[in-house]
Amino acid sequence: MKYWLFKSEPDEFGIDDLAACQRERWDGIRNYQARNLLRDEVAVGDQVLLYHSSCKNVGVAGIAEVVAGAYPDPLQFDPDSKYFDPKSSPDKPRWISVDIAFVQKFARVLPLQTIKTMPALNEMVLVKQGRLSVQPVRAQEWQAIVAAVG
DNA sequence: GCCAACGTTGGC
DNA sequence: GCCAACGTTGGC
């Protein structure tokens with residue numbers, strides 16, 4: 001079992017939306033590094049930190065679990081979707097989705113600002129490389145984050 | 001809304 | 001295959 005951090009903009013889809021629908025397809029990932037992780041590394045049962053980006057309270061908002069493994073992102077084939085990719089085809093799909101389920105909403109968002117000050121987290125991908133929307137989290141980082149909000 | 005960091009595209 | 005131009009992400 002592995003740990004991950006998924007970024008989303010809460011204006012589009014945040015922890016409250018996941019709590020409301022309980023289970024959702026994680027789609028629209030259009031970055032090769034993130035795609036490769038979804039395709040090759042992310043597996044059913046893995047635990048996911050849901051991170052809110054580009055909003056007032058930037059930070060880790062809660063926990064989700066991967067409940068369905070990698071499959072082609074259907075939006076890449078939908079001409080009406082903003083995630084449509086004319087260079088992709090069903091027999092050679094380029095982009096990947098997984099399904100996640102709601103586990104927990106933190107009592108408060110753990111702010112990025114705080115994460116940056118925690119010595120246990122100063123090697124996090126989130127801190128070292130700002131712009132990756134699916135990223136691995138080490139077990140000790142996961143524990144430090146859960147302890148900090150608990 | 002600005003801008004830095006970084007990924008992608010495309011000319012050569 | 002290099003690299004400049006361009007686009008996107010995302011914090012502030």
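Numbers restart at 1 for each chain; the letters A, B, ... are given by sequence-line order, proteins then strands. Please read these numbers as outputs of a predicted model, since none were measured by experiment. FYI, side chains are in, hydrogens and waters are out, and symmetry mates aren't considered; it's all heavy atoms of this structure.
Tested against A:Y51, the residues A:V109, A:L5, A:L110, A:I15 include a single side chain to side chain contact (heavy atoms under 4.5 Å, CB included) partner, A:L5.
Side-chain contact between A:W95 and A:I29 is absent, with no heavy-atom pair separated by less than 4.5 Å.
Here A:K56 lies out of heavy-atom contact (under 4.0 Å) with every strand. Nucleic acid contact for A:S54: base, since at least one base atom lies under 4.0 Å from a heavy atom of the residue.
Using bins of under 30°, 30° to 60° and over 60° for the plane-to-plane angle, the ring pair A:W26/A:F6 lands in the tilted bin.
Side-chain contact check for A:Y32 and A:R39: no donor-acceptor pair (N or O, by modelled atom type) lies under 3.5 Å.
No single ILVMFWY cluster, assembled from side-chain heavy atoms under 4.5 Å apart, contains both A:M1 and A:W4. Cluster membership check: A:M118 shares its hydrophobic cluster with A:M124, using side-chain heavy-atom separations under 4.5 Å among Ile, Leu, Val, Met, Phe, Trp and Tyr.
A salt bridge is absent between A:K128 and A:E141: the closest approach of a Lys/Arg side-chain nitrogen to an acidic carboxylate oxygen does not fall below 4.0 angstrom. We find that A:R30 and A:D73 are joined by a salt bridge, their nearest charged nitrogen and carboxylate oxygen being less than 4.0 Å apart.
Contacts between residues 26-37 of chain A and DNA chain B, defined by a heavy-atom separation under 4.0 Å, are made by A:Y32, A:Q33.
Close approach of DNA chain C to chain A, defined as any atom under 4.0 Å from a non-hydrogen atom of the protein, starts and stops at C:dT8 to C:dC12.
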